Amino acid sequence: MARPRTERTLRGRVAVIGIGETDYYRHGASPDAEFKLALKAILAACADAGIDPREIDGFASYSDDRSEASRLAAALGIDRLRSATMQWGGGGGGCCAAVANGAAAIVAGLADCVVVFRALAQGQYGRFGQTAGLDTVSGERAYLMPYGVLAPPQRFAMRVQRYMHEHGVRQDAQRAIALASYHHAQSNPRAVMHGKPLDEAKYEASRWIVEPFHLYDCCMENDGAAALVLVSEERTRDFRQKPVYLLGAATGSGPRTAAMAHNSPRYASASFDTVAPDLYRMAGLGPSDVGVVQAYENFTGGVVMALAEHGFFKPEEANDFLTLENLIAPSGRLPLNTSGGNLAECYMHGFELVLEAVRQVRGTSTSQVTRNDVAMVIAGPMVTPVSNLLLGSEAAL
Amino acid sequence: MSSGTYPSYLPPGLPIPVAEPDGLSAPYWIGLRQNKLLVQRCAHCQTWQFGPEWLCHRCHAFDPAWVEVEPHGRIFSWERVWHPSHTSLKQHGPYVAVLVELPQAGGVRMVGNLLGHPMQVVTIGAKVEGVFEHHPEADPPFSLLQWQSRRST
């Protein structure tokens, strides 16, 4: 589709030319420092692309990543740092937005080669799932923590419970999402849960973390790093890999999503009610064009909401749509989280999902889908800001 | 000990709520210590707002007024927590947190615990009433607002 160059869009203007990650570890098990993990992933992504790391002139990340752009530039001996963007907001809601911010820097002429990455070593810096070292709390936490609403599972369970109540969604819908992630992880040697299959009986027998989340509805916590390299579309033919183009990106949230202490007007929501239409508008595509989805699973219930908000089914259809056979590669109705994702590959704060979408478009996934010209990534359900991406092949442009 | 006679629902050791250094929520926390539930309501456009903010989200008037609200409402959502995410909850067993909607205050919501048996059946929409839970010996002292089922009306 020819579009005038004056149009404000990322569609077709930027491509992923390289991806890389470290080994993925259980939380606290990395032998490497967090910053070293970041460097390893960045060098792996550059090697994949066949680009000299000294050509990097920008970095983009999210969730207050501790591996700062300027330190990376110094460590890598980069001559010119031209872009350093950080997406506001905790959680994984920024894993797609970071790609969009890096791409926007390229389109705007602020940088030519941007690395987008995330690195986590929880043994060195503490886990998200435990609250420690806080004597007093103020702000939003003061309205929650004294009541034992401390960590992400407890902060999000009430949202999902309300959604299940409003739309008649059953536990089975959440279970299907967990089963699909574990199914795909069994083909993926990178996956932390490779060789550890999950079936319905094991899911049902697993302990409650917080109702309505069983153990297997909750993401892992892991150590590792993942990175990708972006350049403008004019340069894509200079590199080794088949380019994977950005077709669209969006970020944000709807009215007063951050209203404190669970006062968001659209409470039973994954925060995509305004963001999903933005994505489709930029890409000029709709849900039926999407062949494969990587959807951030902090908790499976958030995936149910996020997929519905992206138009793949109505909330009332969730129980029928969300079955294992519909969600698996190569040719389920909507193959989901084909690397194992946050539940079973690695909790790289969602960045492993972006890399997997690139692999699907390249045709190199360990659970390759047949319809792979358009791949979606959904980041951070239920937080704000959330974000999303559509990636595609040259044929999809 | 002040008027607080209800025992603490959760074991001691969880983080203590305090107002921010800028004092935004101080009236709320002081109110709870005096058995009063205070919620912001804009004096100009009558919009209710919780948690507090420095201005009204509807008309942008600064410093919304604090008004006392009857502590009763309806369960908007709930969860039963099993996994201890804090050392003080280890060995404690399940507990219930509820999100309560206050129709008499513009539908603002607040989180608390549902007093009573942790395995009780919890129903969205059920009526609940507030119970002030005081911690005068804590350093600093603080009070919470808990909830219990209301006898059928």
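Chain identifiers are assigned alphabetically (A, B, ...) following the order of the sequence lines, protein sequences preceding nucleic acid strands; residue numbering begins at 1 within each chain. No experiment lies behind these values; they were computed from the predicted model shown.
- Here the closest non-hydrogen pair linking L99(B) and H262(A) is CD1-CB, 3.6 Å.
- When all heavy atoms are compared, the tightest approach of G148(A) to L10(B) is N-CD1, 3.6 Å.
- A pairwise comparison of heavy atoms in M158(A) and V111(B) identifies CE-CG2, 4.0 Å as the closest pair.
- Screening L14(B), N113(B), V98(B), V96(B) for a side chain to side chain contact (heavy atoms under 4.5 Å, CB included) with Y147(A), the sole residue that qualifies is N113(B).
- For the atom pair NE2 (H86(B)) and CG (L134(A)), the distance works out to 7.0 Å, reported to the nearest 0.5 Å.
- Within the 4.5 angstrom heavy-atom criterion, only backbone atoms of D135(A) (N, CA, C, O) approach chain B.
- Heavy-atom minimum distance, L144(B) versus P146(A): CD2-CB, 3.6 Å.
- By the 30° and 60° cut-offs, the orientation of the rings of W29(B) relative to Y143(A) is parallel.
- Side-chain atoms of L150(A) and L89(B), non-hydrogen and from C-beta on, do get closer than 4.5 Å to each other.
- Ranked by heavy-atom pairs under 4.5 Å with chain A, the list M110(B), H135(B), H57(B) is led by H57(B).
- With a 4.5 angstrom heavy-atom cutoff, P265(A) touches chain B only via backbone atoms.
- Atom CD1 of I75(B) is separated from atom NE2 of H165(A) by 11.0 Å, given to the nearest 0.5 angstrom.
- The distance from the CD atom of E140(A) to the OG atom of S25(B) is 12.0 Å, given to the nearest 0.5 Å.
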(message) Determine whether E211(A) and W82(B) satisfy the following criterion, side chain to side chain contact (heavy atoms under 4.5 Å, CB included), listing intermediate values before the conclusion.
(response) CA-CA 8 Å; E211(A) 296 171 46; W82(B) 293 79; 2.9 Å; yes
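- In this structure, chain A has a heavy atom under 4.5 Å from the side chain of Y28(B), while its backbone stays farther away.
- Looking only at distances, no side-chain donor or acceptor of E20(B) sits under 3.5 Å from a matching main-chain atom of S138(A).
- Closest heavy-atom contact between E79(B) and A157(A): OE1-CB, 3.2 Å.
- For Y267(A) against S77(B), the heavy-atom pair with the smallest separation is CE2-CB, 4.5 Å.
- Within the 4.5 Å cutoff, side-chain heavy atoms of Q49(B) are placed close to those of R256(A).
- Taking 4.5 Å as the limit, some side-chain heavy atom of S85(B) sits within range of a side-chain heavy atom of Q154(A).
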